[in-house]
Amino acid sequence: MPELPEVETVMRGLRPVLEGHQIAHVTLRRSGLRFPFPLRFADRLAGKRIDTLWRRAKYILASLDSGEILLIHLGMTGRFTVIEGGRPKNLGEFYFETAAAEVGEGLHDHVALTLENGTRIIYTDPRRFGVMDLFPEAEAESHKLLRGIGLEPLGNAFDAAYLAERFKGKAAPLKAALLDQRIIAGLGNIYVCEALHRAGLSPRRKAGTMLRKRGHDPRLDDLVRHIREVLAEAILAGGSTLQDFAHTDGSAGAFQQRFLVYDREGQPCMRCGQAIERLVQSGRSTFYCRHCQR
DNA sequence: AGAAGGCCCTGACCGC
DNA sequence: TGCGGTCAGGGCCTTC
């Protein structure tokens, strides 16, 4: 479940491997993931240099010297393995031992990039919810997957006034509003649950109720602060996991030991001791404390 | 127009 | 041990 912090962590891990390097060769082991790969995908990547790598929402983006952008979404189970000097190194939230004879030959190894220096980057994605696309830079703003995405929650423009504006008149519950990528970029189920708990706000509360005649409920400021904090903490934890990736099985992203509510149904709330409850909102599990979150 | 639900996909897990 | 059902969920698409 890569959300913003996990995608950021993977992107930072790939940066030193990819930036400034030329793609020598691309192997596609199937015709697409969630969507078909773009026309002549492998051919168009070959020979191009990757200038910069960055993140927008849950997308990893690579600027190529050809003026094109390579877009990558990890879906639910996408991950990268980097092979430098014949030694595999996993980048990503999840790692599980593969029975494949060789990394890159596994059942779910769908894309392999080879760089001019011999480094190989394997994209593995069992569920194939991931996405890859390639398009001219000029089309980035109008790109179907990128247009209409809301503010980056770690950016300067993201504040309570912005949320108040976007929540105006909204009958949808806070949980749904925060998950809406058109409002905030990159939040997923886990961090929405965690941020709402930290802010003491019920996931069921209607988003529009956070407005006041003049301005907004002060707890909207708390919510913004907690969203930023939980994301920043998770990125730090992901970073530390990544650093000693060679020495860890990586199965436990450092941050998941710090969940206060997510996947803790029936366990005591860290704040008040009452049992954490689970409910289903728009088809997804929400975990929260009825007592602490109003 | 906005909201809700379906769908894609596979692995993990559970009960029998 | 094996098997079938259920769940996980990001984001597009369809339906209401």
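Residue numbers start from 1 in every chain, and the chains themselves are labelled A, B, ... in the order their sequence lines are given, proteins ahead of strands.
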Q.
Which label fits His110(A) and His108(A): parallel for a plane angle under 30°, tilted from 30 to 60°, or perpendicular past 60°?
A. perpendicular
Q | Minimum-distance nucleotide to Pro126(A) side chain [options: dG9(C), dT10(B), dG11(C)] | A | dT10(B)
(Q) Once hydrogens and angles are ignored, does a donor-acceptor distance under 3.5 Å link the base of dG10(C) to the side chain of Arg284(A)? (A) yes
Q. Does dG11(B) have OP1 or OP2 sitting under 4.0 Å from an N or O in the side chain of His108(A)?
A. yes
**Q.** Rounded distance (Å) that lies between atom P of dG10(C) and atom CZ of Arg34(A)
**A.** 12 Å
Q: Kindly indicate whether a cation-pi arrangement holds for Lys175(A) with Tyr288(A), taking the cut-offs as under 6.0 Å to the six-membered ring centre and within 45° of the axis.
A: no
Q) How close or far is atom P of dG11(C) from atom CG of Leu146(A), stated in whole angstroms? A) 11 Å
**Q.** Donor-acceptor pair under 3.5 Å, Arg128(A) side chain vs dC9(B) base
**A.** no
Q: Using atom CG of Leu179(A) as one end and atom C1' of dG5(B) as the other, report the distance to the nearest whole Å.
A: 15 Å
Q. Whole Å only: how far is the CG atom of Leu107(A) from the C1' atom of dT10(B)?
A. 10 Å
Q. From dC12(C), dG11(B), dG11(C), pick the nucleotide closest to the side chain of Gln181(A)?
A. dG11(C)
Q) Any stacking of Phe129(A) on dG11(C), going by centres under 5.5 angstrom and planes within less than 30 degrees? A) no
**Q.** Asp263(A) CG to dC7(C) P, straight-line distance once rounded to whole Å
**A.** 14 Å
Q. Any side-chain donor-acceptor pair under 3.5 Å between Arg278(A) and Ser285(A)?
A. yes
Q.
Classify Leu74(A) by what it touches in the nucleic acid, base, sugar-phosphate, or nothing, heavy-atom distance under 4.0 Å.
A. nothing
**Q.** Protein-nucleotide distance (Leu33(A), atom CG; dC7(B), atom P), rounded to Å
**A.** 22 Å
Q: Rounded off to whole Å, could you give me the NE2-to-C1' distance for the His73(A) and dG11(C) pair?
A: 7 Å
Q. Relative to each other, are the rings of Tyr191(A) and Phe259(A) parallel, tilted or perpendicular (30° and 60° limits)?
A. perpendicular
Q.
Measure CD1/Ile183(A) against P/dG2(B) and give the value in whole Å, please.
A. 11 Å
Q) Has the side chain of Arg127(A) got a donor or acceptor atom sitting under 3.5 Å from an opposite partner on the base of dG11(B)? A) no
**Q.** Donor on one side chain, acceptor on other, Asp133(A) and His73(A), under 3.5 Å
**A.** no
Q) Taking only N and O in the side chain of Lys144(A), is any of them less than 4.0 Å away from OP1 or OP2 of dC13(C)? A) yes
**Q.** dA8(C) OP1/OP2 closer than 4.0 Å to side-chain N/O of Ser285(A)
**A.** yes
Q: Please state whether the phosphate of dA8(C), meaning OP1 or OP2, lies under 4.0 angstrom from any side-chain nitrogen or oxygen of Arg278(A).
A: yes
